[in-house]
Amino acid sequence: MRMASFAIRNPTPTGASLPLLLQSAFRPFFLLAGLQASVYIALWVAAWFFGLPLGMTPEPLLWHGHAMVFGFASAALAGFLLTAVPNWTGMPPVRGWRLGMLAGLWIAARILALWPAAIETAVFTVVDLAFWPFLASLVAPSILRSNATRNGVFVVILTALFLTDLCWHLQALGIRDVGRTGLYGALGLFIVMIAIIGGRIVPAFTVNGMRVAGQRMEIIPRPWLDRAALIALAAGLIAEAVSIPAMLQAGLFATAALLHLRRFLLWQFWRTWRIPLIWSLHLGYAWLVVGVGLKALAALEFVPQAAALHALGAGCVGIMVLAVMTRASLGHSGRPLVAPPSAVAAYALVGLGALGRVAGAFDLGTVTFWLTAASGIVWAAGYLVYVIGYLPILVGPRADGRPG
């Protein structure tokens, strides 16, 4: 099996004189992703459930979705791509002022998102949208020169994320009512990326981790299944976007769910329970299967659409991002790949919060209000535990004394 290179080997270290936060992209962006997830969800719960005034659009749900998809998930994606692409391509990593400018642009957009007077202005639009071409300019040249066939899809996805973010801003500016389309499309793009990357790293890290633990394990690649699962998932998302008949949407999502379930079972998750850095990846992918299955049911109005959206967002994206960040931060800081207690606690809290939020999408009477609020707090607490536990890793020197 071809082993995934992310978080296993590091590019040649340079720039030792740079501030630690600017020596490697995982440092600022994984920290920012954790802060965004914990702080913004806490603010959202305070605003939506308890009336705290925030700088929201006339539709608060659009503000919430933008904060999580184009705020939290985009920071995690930037940290992942800027750290992984040098390993994929052999090109030098992005460090120093360019990394600082990208992080500064992201921070500026998040500040503007909390300023009521800025939400519906061109200033916020320009600052927020500028993040995507800047990020693409830092990763696309290396990908296209070195391994466009294998990883060129990420350049396409970055372009599509820019367009979906533009849709959100068109509604915020009062130009066209396409904000929800943009959010749903962006979430779908992140799910597709997780399906692609997860198909590479979950089996590879599982085999490697089990061997390190002294257990022989083999996962036989099935390229046809990988392709079929990805095609079915993309087809379902496209069908939903163009509003084809609900029965066809449900059929495509059901097919995708079954194919991804088959893929997931081949990775033998039941053997990984002793290794948190591995079972957390499996847990994140399991939420993808559940979320896509719920999309099939939601297309036929058997379950609320919000249940499927939060299974994919809070569950799949929330846990998979956390699983990748906790592992990559250890590997790229010269530390053993052993989950600290803070990581295990964070997995449990985010998983519990996601479960509660999906349950809260159903009509449970007065329980729904408190369950939804509590699940948001628990989910945010998981990321707060991650930030506190991993702060010394993200802002401190490598354990092996090397720069980076």
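Counting begins at 1 with the first residue of the sequence. Being a predicted model, the structure only gives us computed values, none of them experimental.
Below 30°, between 30° and 60°, or above 60°: for Phe264 and Tyr285 the angle between ring planes is below 30°, a parallel geometry. Taking the six-membered ring for Trp and thresholds of 30 and 60 degrees, Tyr347 and Trp279 have ring planes more than 60 degrees apart, a perpendicular arrangement.
Residues Arg335 and Asp400 are not paired through a salt bridge, judged by the lack of any N-O separation under 4.0 Å between the basic side chain and the carboxylate.
A donor-acceptor distance shorter than 3.5 angstrom exists from the side chain of Trp63 to the backbone of Ala113, with no hydrogens or angles considered. His332 places no side-chain N or O within donor-acceptor distance of the main-chain N or O of Ala328, the cut-off being under 3.5 Å.
One distance of note links SG of Cys167 with CZ of Arg180; it measures 13.5 Å at 0.5 Å rounding.
Remark: His66 pairs with Phe70, Phe124, Trp168, His169 by the ring-ring contact (aromatic ring centres under 6.0 Å, His included) rule, at least two apart or across chains. In terms of the side-chain contact (heavy atoms from CB on, under 4.5 Å) criterion, residue partners of Ala296 (sequence neighbours excluded) are, by chain and number, Phe253, Ala254.
When side chains are defined from C-beta on, Leu312 counts as touching Lys295, because their heavy atoms get closer than 4.5 Å. Inter-residue side-chain proximity for Leu337 and Val212 is flagged as unmet; no heavy-atom pair is nearer than 4.5 Å. For the pair Ile275/Phe205, no side-chain contact is recorded, criterion being any heavy-atom separation below 4.5 Å from C-beta on. With a 4.5 Å cut-off on side-chain heavy atoms, Leu105 and Val127 count as touching. Residues Val69 and Thr164 fail the side-chain proximity criterion, which asks for heavy atoms closer than 4.5 Å. Between Val324 and Leu281 there is a side-chain heavy-atom pair separated by less than 4.5 Å. Side-chain contact between Arg211 and Val207 is present, with at least one heavy-atom pair separated by less than 4.5 Å. Between Leu99 and Pro93 there is no side-chain heavy-atom pair separated by less than 4.5 Å.
Judged purely by distance below 3.5 Å, without hydrogens or angles, the side chains of Ser146 and Trp88 never pair a donor atom with an acceptor atom.
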Side-chain donor-acceptor pairs of residues 383-397 under 3.5 Å, sequence neighbours excluded:
residue : atom : partner : partner atom : Å
Tyr383  : OH   : Gly318  : O            : 2.5
Tyr383  : OH   : Leu322  : N            : 3.4
Tyr390  : OH   : Thr326  : O            : 3.0

side-chain contact (heavy atoms from CB on, under 4.5 Å) between Ile41 and Arg357, intermediate numbers included: CA-CA 12 Å; Ile41 285 295; Arg357 185 59 190 90; over 6 Å; no
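Annotation: cation-pi geometry satisfied between Arg110 and Trp106 (NZ/CZ under 6.0 angstrom from ring centroid, within 45° of ring axis).
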